[in-house]
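Computation of the quantities below employed the complete heavy-atom set of this structure, encompassing side-chain atoms and omitting hydrogens, waters and symmetry-equivalent molecules. Residue numbers count from 1 along this sequence.
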Amino acid sequence: MELEKVTNDAKRRYDDACGAALGMEYVGERWALLLIRELLLGPRRFGELRAGLPGISANVLTQRLAGLAAAGIVERLRLPPPANAQVYALTRWGYEAEPVVLALAKWALRSPTHDPTLPFSAVSLMLSLKMLLVPERAGAWQATVAFRFGDDPYVAVLADGALQVRRGVADDAEATLSGMPGAFLPVVYGAKPLAMAEGVAVVGNRAIAERFTTLFRLPPKVE
């Protein structure tokens, strides 16, 4: 049985000294890179990971988490009381994969086959804002905008032409937008006015919310 396991592991190796080959050995399994994506904005419970990736089974999720943990990319933690829950988090080295994930996503969005009607997680939306901000549109403007997707809160902080996003709440948010992640796509990337958006609610300074949603642009499609 042990020999069989070693043989199966060997079949997944590329026998190539290039770092890209080694990276694919770590994240080339189906769902592995998307699990890293879902953890880029902080630790998550097992159930939260499944909710963010509705196509993954519990068994495969368990296997991928174990594989990423064995590679030193993911670690299992326990939240302090009162939560006292087990969560999965990226290690310090795991977080270094963020530029890789964002670059791959931005590159793939240029494909004419991209289908924006497929499921879209809250983490995907927030990371896309960070990835697709147009600095020239933001200029020197600064703003703090909160997002709520059900009970899942996020914060986007714009400053110096860059956007930082994180899970959590912000007492200093100037506007709060709430709805399902997919409801934001026509507004943020489809030039649909926020006032005409279906399924998106705004609390706070509406002018700031409206300006914020105009700062992003999808990359051009391949011709």
Side-chain angles (χ1 to χ4, degrees), residues 27-42 44-61 64-65 88 97-134 137-138 145-156 158 163-167 175-203 206 209-223:
V27 302
E29 293 278 9
R30 192 164 185 249
W31 300 108
L33 197 63
L34 296 185
L35 278 172
I36 293 175
R37 180 199 72 191
E38 289 299 303
L39 292 171
L40 281 173
L41 297 185
R44 311 217 74 169
R45 296 178 173 89
F46 189 91
E48 290 174 325
L49 289 171
R50 285 203 69 187
L53 299 169
I56 196 171
S57 69
N59 184 49
V60 171
L61 176 55
R64 294 298 172 268
L65 287 170
Y88 296 88
E98 179 177 312
V100 178
V101 176
L102 298 188
L104 178 63
K106 191 171 185 178
W107 171 74
L109 283 174
R110 298 196 62 206
S111 169
T113 66
H114 172 245
D115 185 357
T117 66
L118 293 173
F120 199 65
S121 74
V123 172
S124 294
L125 176 63
M126 299 308 297
L127 289 175
S128 77
L129 298 180
K130 182 176 184 178
M131 174 179 66
L132 299 176
L133 174 75
V134 181
R137 293 183 182 180
V145 177
F147 288 79
R148 292 198 69 90
F149 309 104
D151 295 329
D152 204 10
Y154 294 81
V155 180
L158 176 67
L163 189 70
Q164 299 298 322
V165 296
R166 62 176 175 83
R167 289 186 76 196
T176 299
L177 292 83
S178 59
M180 298 299 293
F184 289 87
L185 299 184
V187 178
V188 178
Y189 301 119
K192 187 173 186 178
L194 183 59
M196 298 176 61
E198 299 178 4
V200 177
V202 180
V203 175
R206 175 170 284 274
E210 290 177 346
R211 181 176 178 182
F212 183 84
T213 59
T214 66
L215 303 180
F216 311 93
R217 179 176 61 210
L218 288 170
K221 297 297 184 183
V222 176
E223 298 181 358

How far does [atom1] of [X] sit from [atom2] of [Y], to the nearest 0.5 angstrom?
{"X": "R37", "Y": "L104", "atom1": "CZ", "atom2": "CG", "answer": "11.0 Å"}
{"X": "E98", "Y": "M131", "atom1": "CD", "atom2": "CE", "answer": "10.5 Å"}
{"X": "E38", "Y": "I36", "atom1": "CD", "atom2": "CD1", "answer": "11.5 Å"}
{"X": "T213", "Y": "L177", "atom1": "OG1", "atom2": "CG", "answer": "7.5 Å"}
{"X": "S121", "Y": "D152", "atom1": "OG", "atom2": "CG", "answer": "9.5 Å"}

- H114 and P116: which non-hydrogen atoms are nearest, and at how many Å?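 Smallest heavy-atom distance, with atoms named: O-CD, 3.4 Å.
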- For the student: nearest non-hydrogen atoms of L41 and R167, plus distance: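 Answer, listing the atom of L41 first, then R167: O-CG, 3.2 Å.
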[Y] and [X], any side-chain heavy atoms less than 4.5 Å apart:
{"X": "V123", "Y": "R44", "value": "yes"}
{"X": "L158", "Y": "L133", "value": "yes"}
{"X": "F46", "Y": "L61", "value": "yes"}

- Query: F212 vs F216 aromatic rings, parallel, tilted or perpendicular, using cut-offs 30° and 60°?
  - Reply: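 Answer is perpendicular, since the angle exceeds 60°.
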- Task: Go through the steps to decide whether Y154 and L125 satisfy the test side chain to side chain contact (heavy atoms under 4.5 Å, CB included), and finish with yes or no.
- Result: CA-CA 10 Å; Y154 294 81; L125 176 63; over 6 Å; no
Listing, residues 178-202 side-chain donor-acceptor contacts under 3.5 Å, not counting sequence neighbours, or none:
{"from": "Y189", "atom 1": "OH", "to": "S128", "atom 2": "O", "distance (Å)": "3.2"}
{"from": "Y189", "atom 1": "OH", "to": "S128", "atom 2": "OG", "distance (Å)": "2.8"}

- Residues two or more places apart in sequence or in another chain: which of them pass side chain to side chain contact (heavy atoms under 4.5 Å, CB included) with P153?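 Checked P153 against side chain to side chain contact (heavy atoms under 4.5 Å, CB included); matches are R148, V169.
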- Going through the checks in order, is the side chain to side chain contact (heavy atoms under 4.5 Å, CB included) test met by L132 and L109? CA-CA 11 Å; L132 299 176; L109 283 174; 4.0 Å; yes
- Message: Checking the side chain of R64 only, and the main-chain atoms of E29 only, is there a donor and an acceptor separated by less than 3.5 Å?
- Response: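 It does not hold such a pair.
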- Task: Please check if the side chain of K221 supplies one atom and the backbone of R110 the other of a donor-acceptor pair under 3.5 Å.
- Result: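 Answer holds: no.
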- Item | Residues, nucleotides or ligands: over 12 heavy atoms within 6.0 Å of K106 NZ |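 No, the 6.0 Å shell around NZ holds no more than 12 heavy atoms from other groups.
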- Message: Could you check whether atom CG of D151 has more than 12 heavy atoms from other residues, nucleotides or ligands sitting under 6.0 Å from it?
- Response: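 At most 12 heavy atoms, drawn from other residues, nucleotides or ligands, come within 6.0 Å of this atom.
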Show me the side-chain donor-acceptor pairs of residues 48-55 shorter than 3.5 Å, one per line, residues at least two apart or across chains.
{"from": "E48", "atom 1": "OE1", "to": "R45", "atom 2": "N", "distance (Å)": "2.8"}
{"from": "R50", "atom 1": "NH2", "to": "I56", "atom 2": "O", "distance (Å)": "3.4"}

